[in-house]
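This chain uses plain numbering: 1 for the first residue, then up along the sequence.
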Amino acid sequence: MLNIKELKKLASNLTVLYVEDELSLQESVSVYLSKIFKTVVCASDGLEGLDIYKKNLDKDEKFDIVVTDIEMPKMDGLKMSAAIKELDNNQEIIILSAYTSTEYFTKSIQIGVGGYVIKPMSNEQLSEVLYKISLRISEHKRLIEYESLLENRVKEEVEKNKINQKMLLEQSKMASMGEMLESIAHQWRQPLSVITTAASGIKMQKEYGLLSDEEFEVAVASIINAAMHLSTTIDDFRDFFKADKPNEMFKVSEAYKRARDLLSSKFKNREIETIENIDDVEIYGMVNEFVQVFMNILNNAKDALEEIENQQRLIFLEIKKDENRIVIKIKDNAGGIKEDIIGKIFDSHFTTKKNKDGTGIGLYMTQQIIQEHLKGKLEVRNESYTYENTKYNGALFEITIPLSSIKYKTK
């Protein structure tokens, strides 16, 4: 037998709309309901009940349970129940009626009524139905609270993840700074040499009275050109490390060329040749992030190529667009990645460069940029191929970006 205390515990915070046209029954049942539920509101017919229900719904004070008779003036209980279900299909409704016809049972089921109690009824019968409905409501509210808590937790974790990713991206850039400084030194050495040679030359010619106007113009022009080159490289490196650069339309090829130019001195010193096959494709995003993508993959290839000897060192770059995606392929001829680690290279902080100051975040951040910011995919595999009648093995990094996820333009 149902313990009334258990029902009160479940229903103490619930509200009820009770619709009954027989006033003596309405009074007695409402008194009983008031002992169990937090709030009980009464109506004398279906039309009044529906009006009260709508007003409470507008005030965001939804009733937890609607209890109603069937036969009433102005609007019967079934019509009212159907109208309420149209407003809130999850509304719990209990029918109290003397009708035992199959037709009423069938209509009640079709409407979605949760309980049907036959009059005359006892408090025990009503309490049993109220308990089942209250238990269902309690479980539903607990589920909603859990989902809300889970949603908030997910939001918190997403925000934390965004912060962590931003930090990792900055770490990735800082990890590249040593190489950037080396590249600056190499790129500046030649123009600085031109400037000092030209300046000392015209100074010496001036001292000995040998400086002609033509020679002066040539020397000054070479100094200006060298200085312009220095200015351009300053802009390149400044733009690369600039934070919070806005989204914009940019050519994928230009992002690649910026990365290649930043690494050009390293490629030259290690005798690495790049072979390019590029379509002119534009996308919308943060160009610096895409420069970082290319730099991370190219650096990875450079490090692998440093290990090979007595062989031409090659990096192949292909940027293509088909009907629904952009495909970028970067491969080398360094022999490929060992099978026991190829599945781990995109893991955060995984590195094989223990003695080369490897951080293990470059390829991880590359994958995050492609997946999270461009909704694309980054994959790696080993590939055998032939180039100029020579067979090579190497790692192939393939980036695919669906055009549905970006704005694009091609020539």
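- A heavy-atom distance below 4.5 Å is not found between the side chains of Phe63 and Thr39.
- Tested against Glu147, the residues Leu150, Leu143, Leu149 include a single side-chain contact (heavy atoms from CB on, under 4.5 Å) partner, Leu143.
- Summarising the local packing, NZ of Lys38 is surrounded by 12 or fewer heavy atoms from other residues, nucleotides or ligands at distances under 6.0 Å.
- In terms of modelled atom types and a separation under 3.5 Å, the side chain of Arg313 and the main chain of Arg270 share a donor-acceptor contact.
- At least one side-chain heavy atom of Ile399 sits under 4.5 Å from a side-chain heavy atom of Ile401.
- Under a 4.0 Å N-O distance rule, the pair Asp322/Arg325 qualifies as a salt bridge.
- Heavy-atom neighbours of Lys35 NZ from other residues, nucleotides or ligands within 6.0 Å: at or below the threshold of 12.
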* Evaluate side-chain contact (heavy atoms from CB on, under 4.5 Å) for Leu78 paired with Ile95, printing each intermediate quantity in order. => CA-CA 8 Å; Leu78 291 178; Ile95 297 290; 4.2 Å; yes
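- Residues Asn382 and Glu339 bring a donor and an acceptor atom of their side chains to less than 3.5 Å of each other.
- We find the CD-OG distance between Glu6 and Ser134 to be 12.0 Å, quoted to the nearest 0.5 Å.
- Considering only heavy atoms from C-beta on, Glu398 stays 4.5 Å or farther from Ile328 through its side chain.
- A cation-pi arrangement is found for Lys331 relative to Tyr385, the charged atom lying closer than 6.0 Å to the ring centre and inside a 45° cone about the ring normal.
- Here the straight-line distance linking atom OG of Ser138 with atom CZ of Arg136 works out to 12.0 Å at 0.5 Å rounding.
- With values rounded to the nearest 0.5 angstrom, Ile84 atom CD1 is found 12.5 Å from Glu92 atom CD.
- Once rounded to the nearest 0.5 Å, the distance linking CG of Asp64 with CD1 of Ile133 reads 11.5 Å.
- By the 30° and 60° cut-offs, the orientation of the rings of Phe105 relative to Tyr116 is tilted.
- Within the 4.5 Å cutoff, the side chain of Leu396 has no heavy atoms near those of the Phe316 side chain.
- Taking the charged nitrogens against the carboxylate oxygens, Lys320 and Asp279 do have a contact shorter than 4.0 Å, which makes a salt bridge.
- A salt bridge is absent between Lys302 and Asp332; no separation between the charged side-chain nitrogens and carboxylate oxygens falls under 4.0 Å.
- For the pair Glu20 (side chain) and Glu22 (backbone), a donor-acceptor distance under 3.5 Å is present.
- Applying the 6.0 Å contact sphere to NZ of Lys132 captures no more than 12 heavy atoms from other residues, nucleotides or ligands.
- In terms of modelled atom types and a separation under 3.5 Å, the side chain of Thr386 and the main chain of Asn389 share no donor-acceptor contact.
- A pairwise comparison of heavy atoms in Ala199 and Ile223 identifies N-CD1, 4.0 Å as the closest pair.
- In this pair, Tyr387 and Tyr392 present their aromatic rings tilted. The plane angle is within the 30 to 60° band.
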Donor-acceptor list for residues 42-54 side chains, cut-off 3.5 Å, not counting sequence neighbours:
from: Asp45; atom 1: OD1; to: Leu47; atom 2: N; distance (Å): 2.9
from: Asp45; atom 1: OD1; to: Glu48; atom 2: N; distance (Å): 2.7
from: Glu48; atom 1: OE1; to: Ser44; atom 2: N; distance (Å): 2.9
from: Asp51; atom 1: OD2; to: Lys55; atom 2: NZ; distance (Å): 3.3
from: Tyr53; atom 1: OH; to: Gln91; atom 2: OE1; distance (Å): 2.7

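- Leu317 and Phe294 get closest at one heavy-atom pair: CD2-CE2, 4.1 Å.
- A heavy-atom distance below 4.5 Å is found between the side chains of Val380 and Ile342.
- Looking only at side-chain heavy atoms (C-beta outward), Val281 and Ser253 stay at 4.5 Å or farther from each other.
- Summarising the local packing, NZ of Lys377 is surrounded by 12 or fewer heavy atoms from other residues, nucleotides or ligands at distances under 6.0 Å.
- Across every non-hydrogen atom of Phe346 and Leu363, the tightest pair is CD2-O, 3.6 Å.
- A distance of 8.5 Å separates CZ in Phe397 from CD1 in Ile330, rounded to the nearest 0.5 Å.
- A salt bridge does not link Lys251 to Glu282: none of the charged nitrogens lies less than 4.0 Å from a carboxylate oxygen.
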* To do: Given salt bridge (Lys or Arg N to Asp or Glu O under 4.0 Å), test Lys107 with Glu103 step by step and report yes or no.
  => CA-CA 6 Å; Lys107 285 184 179 179; Glu103 178 185 357; 3.3 Å; yes
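- A salt bridge is absent between Glu273 and Lys268; no separation between the charged side-chain nitrogens and carboxylate oxygens falls under 4.0 Å.
- Heavy-atom contacts from other residues, nucleotides or ligands closer than 6.0 Å to CD of Gln371 number more than 12.
- Side-chain contact check for Gln125 versus Ser122: some heavy-atom pair is nearer than 4.5 Å.
- Summarising the geometry of Asn333 relative to Ile308, their closest heavy-atom pair is O-CD1, 3.9 Å, with the distance given to 0.1 Å.
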* Walk me through it: do Lys85 and Asn90 pass the test side-chain contact (heavy atoms from CB on, under 4.5 Å)? => CA-CA 7 Å; Lys85 279 289 189 178; Asn90 294 318; over 6 Å; no
* Evaluate the criterion side-chain contact (heavy atoms from CB on, under 4.5 Å) for residue pair Met80 and Thr68; output intermediate values, then yes/no. => CA-CA 9 Å; Met80 182 194 72; Thr68 181; 3.6 Å; yes
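- For Leu130 against Ile94, the heavy-atom pair with the smallest separation is CD2-CD1, 3.5 Å.
- Using a cut-off of 4.0 Å between Lys/Arg side-chain N and Asp/Glu carboxylate O, Glu151 and Lys155 are scored as salt-bridged.
- Leu14 and Phe37 make their closest contact through O-CB, 3.6 Å (heavy atoms, listed as atom of the first residue, atom of the second, distance).
- Ser34 places a side-chain N or O within 3.5 Å of a backbone atom of Ser30 that can act as its donor or acceptor partner.
- Taken from NZ in Lys338 to CG in Asp340, the straight-line distance is 7.0 Å, to the nearest 0.5 Å.
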* **Trace of the side-chain contact (heavy atoms from CB on, under 4.5 Å) decision for Val41 with Tyr18** => CA-CA 6 Å; Val41 178; Tyr18 176 40; over 6 Å; no
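- For the pair Lys74 and Asp21, the salt-bridge criterion is not met [side-chain N within less than 4.0 Å of a carboxylate O].
- For the pair Leu263/Asn299, a side-chain contact is recorded, criterion being any heavy-atom separation below 4.5 Å from C-beta on.
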